[in-house]
Amino acid sequence: MSDVRVRFAPSPTGHLHIGGARTAIYNWAFARHTGGTFILRIDDTDPERSTPENTAAILRAMRWLGLDWDEGPEAGGDRGPYFQTQRGGSYSRALERLEACGAAYPCFCSAEELEGAREKARAAGGVAGYARTCRTLDAAEARGRIEAGEPHTWRLKVPEDRGDIVFDDAVRGEVTFPSAALDDFVLVRSDGTPTYNYASVVDDAEMGITHVIRGDDHLSNTPRQMLLLEALGFPTPVFAHLSMILGADGKRLSKRHGATSVEQFRDEGILPEALVNYLALLGWSFDDRTTIFSAEELISHFTLERVGKNPAIFDPEKLEWLDGVYIREMPPAALAERMLPWLEDAGLLSPAEEPQRRPWLVQLAPLVSERLKRLDEVAGMVRFLFEDQVPIDEAARAKVLEKEGAGRSLDAASDGLSTLRSWTAEGIEEALRRLPEALGLKPKVVFQAVRVAVSGTTVSLPLFESLALLGRERTLARLHAARTLAAE
RNA sequence: GGCGCGUUCGUCUAGCGGUUAGGACACCGCCCUCUCAAGGCGGAGAUCACGGGUUCGAAUCCCGUACGCGCUACCA
């Protein structure tokens, strides 16, 4: 195992978003590629919005995607705990050190005061940012106010002579921030909890994180964190900032763009392999032409050098195409297996009938596989093979059954099939193929009449195979039922 | 407002000084065909955001402008 250590640190304020999922995938792939360690840490420092349910959902989504972590919740590890709310000791120890060396100071300004100052500054068109009012407070006086129980936060004292903060981002290259533009940001809130920038830095350092691969929204936080790192005497990790994933309108992805969380895609019948493949490609390229690759191939090819800098628009259509590719590649038995929950949810199959229906489902699988883009489409496609009777679609009746020749086609099909010796797709095809010529009708007329009679619609799974799966009895019953609706 | 980052077909991208600017999704056409798909073949689609440089030569390097996004919170 190499000494690379990376982490994915979601905050459990919601479900696993696809942006977060992509960050997780890159961290995971990087760790696996380098033989390093992948750590999952829960950044639950926002007491208002963090919930255990969200944490559970995130872990579930990670597992579903196939992203396993070496250290973290439910995995253990010797650098834990892996929940920030359980790491208070680390933050207070670090604060003591910062205070001792004069790198942090208490601030007694109230939230209202700060807000007021901010608005005034903004109205004046000047710089926002904290005015450093408490920075020059006398140490003894500050001590006294703290002891008197006055509410206060702790702020980092940004050094005045630091100059430019420069770092070499693994995806964006050299990035420079003038330290003069940084204000003395809050480390510890008045309730004693750490802010993101603070907790994250302390944890990354204590957990020995070597590469911080995270969203673009943290790029501007990086200089702050580097200042903290310097004050604490910790080494600087390699930073790699990933661009955002946007909706079709170029705006930040949100609910109105459709599904945005990993579990929503699962519920829409997207395969985890396809989602990982798609997300990996959103901002990273395998090479100059490869679109489809397995998780193993992703791992062996993944490098930070091939991560792109520009924001990417999420394209559900391409995801669905890719999902279709994965569905088609699946062996029939595997697809039959994956179809099960969807058939059960649609009430077409009960778990009890499952075992004896297995071989039948394996025969069905190849018929649906090449027309499925998502698994949630399967029930609608196969329903006519499960139910005893099928309603005839009004438009299909008008368009097909009421046409001249439909009735004769159904009669002839009934005749031919009722005495058919081997009820197989091949046998059925042979019997039905004879009909058009015998009736003097176009093949399409005959086959569409039979299709509508049997499936109720003009579009269905391949006819002969469908009849084979339906069985002789139900096929003949439907042919007879449709006869009454048909023209001659 | 300040600071930072980004900008190649509609979309995802390849490209890292010399290419007919390549691939994929979507789109269009043809073939296959019992419908729908899948598949095969072909097509259209990018003056590489714009304007200046540097260079024999720039999508590739530099500067500026525009637009987009992020940060500028006791959110993360």
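All heavy atoms count here, side chains included; hydrogens, waters and symmetry mates do not. Below, read A as the first sequence line, B as the second, and so on, with proteins coming before strands; counting in each chain starts at 1.
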* Geometric class of the A/W284/A/F286 ring pair [parallel <30°, tilted 30-60°, perpendicular >60°] -> perpendicular
* Quick one: label A/H241 by what it contacts on the DNA or RNA (base, sugar-phosphate, nothing), any heavy atom closer than 4.0 Å. => nothing
* Within the structure shown, what part of the strands sits under 4.0 Å from A/T176 by heavy-atom distance: base, sugar-phosphate, or nothing? -> sugar-phosphate
* Asked: A/Y196 has an atom OH; how far is it from atom P of B/C74, in whole Å?
  -> 16 Å
* If you look at every strand shown and take non-hydrogen atoms under 4.0 Å, does A/V452 touch a base, only sugar-phosphate, or nothing? -> nothing
* Asked: Is the phosphate of B/A14, meaning OP1 or OP2, less than 4.0 Å from a side-chain N or O of A/S285?
  -> yes
* With no hydrogens and no angle check, is any side-chain donor or acceptor of A/S369 less than 3.5 Å from a backbone partner on A/R328? -> no
* Could you tell me which nucleotide pairs with B/C71 by Watson-Crick or G-U wobble geometry, both distances under 3.5 Å, or answer none if nothing does? => B/G2
* **B/A46 pairs with, by Watson-Crick or G-U criteria that keep both distances under 3.5 Å** => none
* Give a yes/no on whether any side-chain N or O of A/R306 is located under 4.0 angstrom from OP1 or OP2 of B/C12. => no
* Asked: With a non-hydrogen cut-off below 4.0 angstrom, is A/R155 in contact with a base, only sugar-phosphate, or nothing?
  -> sugar-phosphate
* Structure fact -> In this structure, CG of A/L59 is separated from CG of A/L40 (nearest 0.5 Å) by 6.0 Å
* With rounding to whole Å, what would you report as the distance between B/A26 and B/C34 at their C1' atoms? -> 28 Å
* For B/C48 and B/A14, measure between their C1' atoms and round to the nearest Å. => 13 Å
* To do: State the CG-OG1 distance between A/L242 and A/T23, to the nearest 0.5 angstrom.
  => 5.0 Å
* **Span that lies between the C1' atom of B/C74 and that of B/U60, in whole angstrom** => 46 Å
* Mind checking the CD-CZ spacing from A/E402 to A/R397? Nearest 0.5 Å is all I need. => 5.0 Å
* **Nucleotide B/A24, atom P - distance to CH2 of A/W284 in whole Å** => 17 Å
* Asked: Can you tell me how far C1' in B/G45 sits from the matching atom in B/G10, rounded to whole Å?
  -> 9 Å
* Asked: Paired with B/C61: which nucleotide, if any, by Watson-Crick or G-U wobble criteria at under 3.5 Å for both distances?
  -> B/G53
Which atom pairs link the protein and nucleotides 32-35 of chain B when you take only N or O atoms and keep those under 3.5 Å?
residue : atom : partner : partner atom : Å
B/C34   : OP1  : A/R433  : NH1          : 2.6
B/C34   : OP1  : A/R433  : NH2          : 2.9
B/C34   : O2'  : A/R451  : NH2          : 3.2
B/C34   : O2   : A/R451  : NH2          : 2.3
B/C34   : N3   : A/L463  : N            : 3.3
B/U35   : O4'  : A/Q448  : OE1          : 3.3
B/U35   : O2'  : A/T458  : O            : 3.0
B/U35   : N1   : A/R451  : NH2          : 3.2
B/U35   : O2   : A/S460  : N            : 2.7
B/U35   : O2   : A/S460  : O            : 2.9
B/U35   : N3   : A/R451  : NH1          : 3.3
B/U35   : N3   : A/S460  : O            : 2.7
B/U35   : O4   : A/P462  : N            : 3.4

* Asked: Whole Å only: how far is the CG atom of A/L322 from the P atom of B/A26?
  -> 10 Å
* Under-4.0 Å side-chain N/O to phosphate OP1/OP2 contact, A/R289 with B/U13 -> no
* Asked: Across the strands shown, which category fits A/A312 at heavy-atom distances under 4.0 angstrom: base, sugar-phosphate, nothing?
  -> sugar-phosphate
* Asked: Parallel, tilted or perpendicular for A/F108 and A/H152, by the 30°/60° rule?
  -> tilted
* Asked: Can you list the steps and then say if A/H218 with A/Y196 is a ring-ring contact (aromatic ring centres under 6.0 Å, His included)?
  -> CA-CA 11 Å; A/H218 294 302; A/Y196 165 77; 4.8 Å; yes
* To do: Would you mind telling me which residue lines up with the more 5' stretch of RNA chain B, A/K318 or A/S190, judged by nearest nucleotide?
  => A/K318
* Rounded to whole angstrom, note down the C1' distance from B/U7 over to B/G64. => 15 Å
* To do: Just name whichever nucleotide pairs with B/C34, Watson-Crick or G-U, keeping both distances under 3.5 Å, else none.
  => none
* Go ahead and name the base partner of B/A21; Watson-Crick or wobble counts if both distances stay under 3.5 Å, otherwise write none. => none
Write down the protein N/O and nucleotide N/O pairs, taken from nucleotides 58-69 of chain B, whose separation is under 3.5 Å; answer none if there are no such pairs.
residue : atom : partner : partner atom : Å
B/C69   : OP1  : A/K251  : NZ           : 3.2

* Asked: Whom does B/A14 pair with, Watson-Crick or G-U wobble, provided both distances fall under 3.5 Å?
  -> none
* **Rounded distance (Å) that lies between atom P of B/G23 and atom CG of A/L281** => 16 Å
* Partner nucleotide, any strand, of B/U7 [Watson-Crick/G-U, under 3.5 Å] -> B/A66
* Asked: When you measure from the side chain of A/S11, which nucleotide among B/C12, B/U72, B/A76 comes out closest?
  -> B/A76
* Kindly indicate whether the side chain of A/S243 and the base of B/G6 share any N or O donor-acceptor pair separated by less than 3.5 Å? => no
* Structure fact -> When rounded to whole Å, the CD1 to C1' distance for the pair A/I245 and B/C12 reads 11 Å
* Structure fact -> When rounded to the nearest 0.5 Å, the distance separating NZ of A/K442 from CD of A/Q448 is 13.0 Å
* **Touch class at under 4.0 angstrom, heavy-atom based, for A/T45 against every strand present** => sugar-phosphate
* Asked: B/C9 P sits how many Å from A/I313 CD1, rounded?
  -> 11 Å
* To do: Output the distance between atom CD (A/Q84) and atom OH (A/Y91), rounded to the nearest 0.5 Å.
  => 4.0 Å
* Could you give the distance separating B/C30 and B/U35 at their P atoms, to the nearest angstrom? => 15 Å
* Contact class for A/N221 vs. all strands (heavy atom < 4.0 Å): base, sugar-phosphate, or nothing? -> base
* Mark yes or no for whether A/R172, through its side chain, and A/A240, through its backbone, hold a donor-acceptor pair below 3.5 Å. => no
* Structure fact -> To the nearest angstrom, the CG-P distance between A/L219 and B/A76 comes to 19 Å
* Asked: To the side chain of A/S220, which of B/G70, B/A37, B/G6 is closest?
  -> B/G70
* Structure fact -> CE of A/M62 to CD1 of A/I25, rounded to nearest 0.5 Å, is 9.0 Å
* Take the protein atom CZ of A/F293 and the nucleotide atom P of B/U13, then report the distance between them rounded to whole Å. => 12 Å
* For A/G283, report the nucleic acid contact type (base, sugar-phosphate, nothing); a contact means any heavy atom under 4.0 Å. => sugar-phosphate
* Asked: Mind checking whether A/F314 and A/F265 have ring centres under 6.0 Å apart?
  -> yes
* With a non-hydrogen cut-off below 4.0 angstrom, is A/T153 in contact with a base, only sugar-phosphate, or nothing? -> base
* Between A/F185 and A/Y130, is the gap from one ring center to the other below 6.0 Å? -> no
* **Who pairs with B/A26 - Watson-Crick or G-U, where each distance is under 3.5 Å** => none
* Same-atom distance (P) from B/G23 to B/U65, integer angstrom -> 37 Å
* Rounded C1' spacing from B/A76 to B/C36 in Å -> 47 Å
